[in-house]
Protein chains: 2
Amino acid sequence: MEEVLVSEGRALKHVQVREYVRSLVSGAAPGSPAPSERELVHRFGVARMTVRQAMDALVVEGLLERIPGRGTFVARPRRAASRLTCFTEEMARRGMLAESQTLLARREQAGPGVARALALTEGDAVIHWKRLRRADGVPMCIEDAYLNEVLIPGFLQSGMPTSLYDALGQRGLRPTWAEDSINADVANEEEARHLEVEAGAPVLRHSRRALVGEKVVEVSRSVYRADRFTLWVQLGQEG
Amino acid sequence: MEEVLVSEGRALKHVQVREYVRSLVSGAAPGSPAPSERELVHRFGVARMTVRQAMDALVVEGLLERIPGRGTFVARPRRAASRLTCFTEEMARRGMLAESQTLLARREQAGPGVARALALTEGDAVIHWKRLRRADGVPMCIEDAYLNEVLIPGFLQSGMPTSLYDALGQRGLRPTWAEDSINADVANEEEARHLEVEAGAPVLRHSRRALVGEKVVEVSRSVYRADRFTLWVQLGQEG
DNA sequence: CAGTGGTCTAGACCACAGT
DNA sequence: CTGTGGTCTAGACCACTGG
């Protein structure tokens, strides 16, 4: 929760120590030793509690692991639940090149369904963006998204990005939460034409409601070619 | 990581403070104030850093929230990612009654694929359990599961449970991690017969590899009627 | 203004690892 | 044995909040 900021002001000591240690161990192999607390006390001329505050943050973060009597070490990366990604990022993760062909991109007034999903009032401005998505040149999915216009003024004019979540992130609006539903269906005529399959071919239908904090930034429906796409989810017990 | 234990020994002070505060706020409404740090200092006769250590743990845990200049308050429950559930639990969550018809339940020797998935050696003993699952009487899915026999000796003899994860939990083996894959397909003849749909009807295919710690306890493939079942997933940014 | 949490100091003793 | 992290003390000053 505590953050950097204050571009000119002096940095807090525990932040200095924390970032120093982070830079030391970034890229280090799991199991590598981090500096001992007392060594950092001498190097920075601070109290040990200050060093511990710095190290605590990195331990909670999962970067370091303490072993009493031995020292502090780089933790092996904890199993990570599925990252919240958009199509572009997901394809990149799979080593594929994502391309995008915009079928529709305009400002609209929210209808009742979209307004409810975006937690807006009917008639509020939304951005409607429909794209055909390819991976390594092969049609993969049709994505039909609505964005809350109030949160991203000038989005349509700013040149449409490739990676939606990356673009949102640059505005501090990268989704932190998503509610997805997934089911199976068969392609209708229009979908089949775009996806270059036979009508009636199996498809995966994916709906998403993406939030940043309490604000809904995106709702979308996507239809994926089942012969080209399998969804992967990794779930942990906690949150 | 620090834990209670030492049934006879004296409890650590920060643990005493932590558990005192936890008991105070358990059941309290979000936004209710917790005792101030200095109040706890006086009540327990400890240093403020000790109190802060206790409170820090509860803040990291998500139970408390600090507001500088105001105080410490009961946090509203953070959004929870999808719980790791089995069919029985998932149907219960939807307010439906899960029933189960065993199609096959026996001890087998692991074939190459199952052995790899369960992190065993080919020929190791596994439990093969195939069931037709109904919700409110309607066929919903066919689940074909393999369990690591070594981890659950006598499972077949102990009377098959309704909720697999509940039964595993009673042996301390409730999965804490799952790797799922989901895609769309059409039902083959046998599946269609069991699910009481036409062959070629859309279905959702769901594979799971469920672990507790580092041990793989279950691998399964399920096929769901797409007209009766939609998968829901809630994802957070972190883990 | 008084009260809160945020940061920080300069020590201390303990249990435990490894040599 | 030395060095490590785990715990704890008794203060201090700060920025911020609310009345």
Side-chain angles (χ1 to χ4, degrees), chain A residues 1-21 24-25 28 30-75, chain B residues 1-21 24-25 28 30-75:
Chain A
M1 289 301 119
E2 23 64 347
E3 267 324 312
V4 262
L5 52 111
V6 191
S7 49
E8 292 305 308
R10 94 192 187 303
L12 300 176
K13 295 187 179 180
H14 79 263
V15 174
Q16 287 184 43
V17 176
R18 190 225 297 155
E19 295 311 314
Y20 169 76
V21 175
L24 272 190
V25 303
S32 308
S36 79
E37 296 177 357
R38 286 164 179 87
E39 178 184 336
L40 292 165
V41 164
H42 289 118
R43 177 183 296 275
F44 284 88
V46 297
R48 187 159 160 238
M49 286 305 302
T50 306
V51 169
R52 283 186 66 78
Q53 183 176 8
M55 304 291 264
D56 278 344
L58 296 175
V59 168
V60 167
E61 214 175 285
L63 188 61
L64 297 182
E65 178 184 12
R66 288 203 249 242
I67 305 182
R70 300 234 296 126
T72 306
F73 304 88
V74 178
Chain B
M1 295 309 117
E2 20 64 349
E3 270 322 312
V4 259
L5 53 112
V6 191
S7 49
E8 291 306 306
R10 96 196 186 299
L12 299 175
K13 293 188 180 180
H14 78 265
V15 174
Q16 288 184 42
V17 177
R18 191 223 297 153
E19 296 311 316
Y20 170 77
V21 175
L24 272 189
V25 303
S32 309
S36 79
E37 297 179 357
R38 286 165 179 84
E39 178 183 338
L40 291 167
V41 164
H42 289 117
R43 176 181 296 274
F44 284 88
V46 297
R48 189 160 158 236
M49 286 304 303
T50 305
V51 169
R52 283 187 65 76
Q53 183 177 8
M55 304 291 263
D56 278 343
L58 297 174
V59 168
V60 167
E61 210 177 291
L63 187 62
L64 296 182
E65 179 184 14
R66 288 203 250 243
I67 305 180
R70 300 236 295 125
T72 306
F73 304 88
V74 178

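At whole-Å resolution of the value, CD in A:E37 and C1' in C:dG11 are 15 Å apart. Summarising the geometry, the separation between CZ on A:R70 and P on D:dG6 is reported as 13 Å, rounded to the nearest angstrom. The distance between atom CD1 of A:I67 and atom C1' of C:dA15, rounded to the nearest whole Å, is 16 Å. What separates NE2 of B:H42 from P of D:dA10 is a distance of 12 Å, to the nearest Å. One atom, CD of B:Q16, and another, C1' of D:dT7, lie 13 Å apart when rounded to the nearest Å. Following rounding to the nearest Å, B:L40 (CG) and D:dC8 (P) show an atom-to-atom distance of 14 Å. In this structure, the CD atom of B:E65 is 13 Å from the C1' atom of C:dG5, given to the nearest Å.
For the OP1/OP2 pair of C:dG5 and a distance below 4.0 Å, the side-chain nitrogens and oxygens of B:T72 include at least one atom meeting the criterion. A:R52 has a side-chain polar atom (N or O) that falls below the 4.0 Å cut-off from OP1 or OP2 of D:dG6. Residue A:S36 places at least one side-chain N or O closer than 4.0 Å to OP1 or OP2 of D:dT4.
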Polar pairs (N or O, both sides) under 3.5 Å between protein and nucleotides 12-14 of chain D?
residue : atom : partner : partner atom : Å
D:dA12  : N6   : B:R48   : NH1          : 3.3

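Looking at the side chain of A:P68, the nearest of the listed nucleotides D:dT9, D:dG18, D:dG6 is D:dG6. Ranking D:dT17, C:dA17, D:dC8 by closeness to the B:L12 side chain, first place goes to D:dC8.
For the pair A:E65 and A:V74, the minimum side-chain heavy-atom distance is 4.5 Å or more.
Figure legend. C:dA17 is base-paired to no nucleotide; pairs are counted as Watson-Crick or G-U wobble with both atom distances under 3.5 Å.
In this structure, A:M49 and A:G71 both approach DNA chain D, and ranking their closest nucleotides by distance from the 5' end singles out A:G71.
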